[in-house]
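Just so it is clear: chains get the letters A, B, ... in the order the sequence lines come, proteins before strands, and each one is counted from 1.
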There are 2 protein chains.
Amino acid sequence: MLVSYTEENYLKAIYSLSRLYNDAEVSTNQISEHLKNKAASVTDMLKKLSDKKLIDYKPYKGVKLTDKGKKTAIKVIRKHRLWEAFLVEKLKFKWDEVHEIAEQMEHIQSDELIQKLDNFLGNPKCDPHGDPIPDAAGKFSVQRSIALSSAKQKNSLVVTGVSDHSSEFLKYLSNSGISLGDNLKIEESNGYDRSLKIKVNNKHSLFLSHKAASNILVEIK
Amino acid sequence: MLVSYTEENYLKAIYSLSRLYNDAEVSTNQISEHLKNKAASVTDMLKKLSDKKLIDYKPYKGVKLTDKGKKTAIKVIRKHRLWEAFLVEKLKFKWDEVHEIAEQMEHIQSDELIQKLDNFLGNPKCDPHGDPIPDAAGKFSVQRSIALSSAKQKNSLVVTGVSDHSSEFLKYLSNSGISLGDNLKIEESNGYDRSLKIKVNNKHSLFLSHKAASNILVEIK
DNA sequence: GAGTAAATTTAGGCTAGTCTAAAAATTTGT
DNA sequence: ACAAATTTTTAGACTAGCCTAAATTTACTC
């Protein structure tokens with residue numbers, strides 16, 4: 001069964017929104033905002049994806065991916081991240097320049113291509129943003145990181161990635177002197193606006209809004 | 001101005017059909033057969049491409065690419081051939097497996113990507129089928145080959161490529177023991193069906209139909 | 001639990017690109 | 001040069017994916 005470019009983008013959106021909220025149902029409006037389409041258009045597509053057994057859809061109740069839909073979404077994510085790795089490792093793009101191009105390349109259809117690309121890159125476990133790359137069977141072999149904003153522990157956090165890949169955000173990070181692999185310590189946690197004061201690599205400190213902190217992924221070292 | 005995936009395919013078809021017939025006007029039916037679309041659909045698209053000043057179109061009289069259209073077509077061909085080179089050189093595909101994948105990859109939009117890919121491959125002059133790769137300005141730096149069927153000279157011909165990239169034809173060639181770089185001599189030329197008797201590398205001889213010979217490209221050594 | 005606000009779906013319309021069938025223009029054969 | 005055959009265009013319809021506006025369902029508040 002063929003899944004169009006557009007359908008793939010919907011499945012990808014549903015997958016990542018669902019992950020974001022603990023594998024919960026995803027609402028029409030969430031998808032609409034994420035893809036910058038109108039809610040009515042989303043409803044149309046949900047019906048179509050439901051007919052194809054890629055999602056479980058009950059009107060007004062949100063959607064969840066079926067196993068088939070999840071498999072398709074993870075495959076697209078695998079392709080996206082492998083192409084990002086290729087662009088950075090081999091073609092020497094900066095990590096904040098590759099997202100848009102990978103958005104196009106992730107839709108190239110050829111299982112053999114993706115397998116050969118994976119081998120060519122040495123079967124990487126993560127992409128240049130630190131996001132884990134699933135294998136051909138859809139298995140993620142490395143730990144998923146958590147948002148800095150939700151870290152319970154205050155010390156010994158390591159930046160492993162971002163959840164906002166916009167070049168605006170990535171530029172903001174590099175201007176703030178935060179990059180992949182940096183060590184973070186939470187020095188203060190502001191209750192009322194949930195902003196954080198962070199020490200980077202035991203050197204300089206800075207303030208991060210909740211919004212920024214929620215888009216920085218860390219692992220506990 | 002943006003040119004869609006579909007428009008790019010039409011421009012590419014017009015470019016190669018035009019080249020095939022000595023830069024002549026290309027007819028609606030020729031395009032229709034080449035793209036496996038109906039003639040009526042082709043007419044629709046010709047109007048659209050004409051509105052965008054990508055082709056010169058006079059109803060019933062065929063079309064020619066404008067400079068703008070030619071530039072766009074050559075850019076797509078550049079991308080196609082660079083990706084084919086990548087697939088064969090880096091990912092170790094066979095030369096008869098890459099056409100379909102490159103058909104998809106040629107539409108990825110990013111000037112920076114294609115420039116970096118070109119450098120990564122070492123700025124190749126030809127793709128794995130022996131077709132010349134134009135540079136970023138659209139210039140072909142190597143000689144365009146001629147069809148074996150139209151060779152005036154009988155001796156010292158070198159196989160430089162094919163004009164039919166179907167895996168059916170490529171398999172036929174490899175079964176016949178003809179590959180890129182082989183030396184050919186025309187031993188007999190049959191007037192009535194235009195078939196040829198060919199000696200390959202001064203070793204074995206074989207018969208080629210006009211159809212096959214017209215799809216083998218050679219240079220005079 | 002009734003009324004309002006918010007979310008979602010339905011209804012109907014638009015564009016790009018395709019198709020079939022029919023009409024018009026061109027080319028060919030005598 | 002005129003009729004027939006061929007090519008090309010026009011006319012009208014279809015699908016995918018999007019939209020706006022209106023109707024419906026659900027959620028929230030008192």
Side-chain angles (χ1 to χ4, degrees), chain A residues 1-15 17-18 20-21 24-65 69 72-73 76 103-104 106-107 109, chain B residues 1-15 17-18 20-21 24-65 69 72-73 76 103-104 106-107 109:
Chain A
M1 189 228 2
L2 27 347
V3 180
S4 74
Y5 187 111
T6 311
E7 289 165 348
E8 284 188 345
N9 280 338
Y10 273 89
L11 293 175
K12 195 164 54 112
I14 295 166
Y15 180 84
L17 288 169
S18 184
L20 208 56
Y21 299 102
E25 283 79 17
V26 177
S27 74
T28 302
N29 263 2
Q30 283 178 307
I31 299 169
S32 155
E33 272 178 42
H34 190 270
L35 294 179
K36 272 119 189 56
N37 279 343
K38 298 299 169 184
S41 313
V42 173
T43 301
D44 282 351
M45 183 57 82
L46 294 184
K47 280 188 215 152
K48 197 175 155 196
L49 293 173
S50 181
D51 289 347
K52 287 190 168 187
K53 315 275 187 221
L54 292 162
I55 60 174
D56 283 325
Y57 169 53
K58 298 193 189 67
Y60 298 100
K61 298 298 184 190
V63 294
K64 283 190 81 163
L65 293 175
T72 307
V76 177
E103 285 286 300
Q104 299 179 62
E106 71 190 10
H107 300 291
Q109 300 290 347
Chain B
M1 191 231 356
L2 28 343
V3 179
S4 75
Y5 187 111
T6 311
E7 289 165 349
E8 284 188 347
N9 280 338
Y10 274 90
L11 293 175
K12 196 163 55 110
I14 295 166
Y15 179 85
L17 288 168
S18 184
L20 209 56
Y21 298 102
E25 284 80 15
V26 177
S27 74
T28 302
N29 264 2
Q30 282 177 308
I31 299 169
S32 156
E33 272 178 43
H34 190 269
L35 294 179
K36 271 114 189 60
N37 279 342
K38 298 298 170 185
S41 313
V42 174
T43 302
D44 282 353
M45 183 56 83
L46 295 184
K47 280 187 214 153
K48 198 175 154 196
L49 293 175
S50 181
D51 289 347
K52 287 189 169 187
K53 313 277 185 220
L54 292 163
I55 59 173
D56 283 325
Y57 170 53
K58 298 195 190 66
Y60 297 100
K61 298 299 183 189
V63 295
K64 284 190 80 162
L65 294 174
T72 308
V76 177
E103 285 287 300
Q104 299 180 62
E106 72 188 9
H107 299 291
Q109 299 290 345

Quiz item: A:E8 CD to D:dA16 P: how many Å, rounded?
Solution: 17 Å
Practice problem: I would like to know whether B:E7 and B:K52 meet side-chain contact (heavy atoms from CB on, under 4.5 Å); could you show each step before the answer? | Solution: CA-CA 10 Å; B:E7 289 165 349; B:K52 287 189 169 187; 2.9 Å; yes
Quiz item: When the distance from CG of B:L35 to C1' of C:dC19 is rounded to whole Å, what number comes out?
Solution: 15 Å
Practice problem: Please report, rounded to the nearest Å, how far the P atom of D:dT7 is from the NZ atom of B:K38. | Solution: 14 Å
Practice problem: Nearest 0.5 Å please: distance from the CD1 atom of B:I14 over to the CG atom of B:L49. | Solution: 6.0 Å
Quiz item: Over how many whole Å does the gap from B:E25 atom CD to D:dT8 atom P extend?
Solution: 12 Å
Quiz item: Atom NZ of B:K61 and atom CD of B:E25: how far apart are they, to the nearest 0.5 Å?
Solution: 10.0 Å
Self-check item: Min side-chain heavy-atom separation B:V3-B:V76 under 4.5 Å
Solution: no
Quiz item: Between the side chain of B:S50 and the main-chain N/O of B:D56, is any donor-acceptor distance below 3.5 Å?
Solution: no
Quiz item: Just by protein heavy atoms under 4.0 Å, how would nucleotides 8-14 of chain C read 5' to 3' in B, S and -?
Solution: BBB----
Quiz item: How close or far is atom C1' of D:dC18 from atom CD of A:E7, stated in whole angstroms?
Solution: 14 Å
Quiz item: What's the CG-P distance between A:D51 and D:dT15, to the nearest Å?
Solution: 14 Å
Quiz item: Which of these, B:I55, B:V63, B:N37, sits in a side-chain contact (heavy atoms from CB on, under 4.5 Å) with B:Y10?
Solution: B:N37
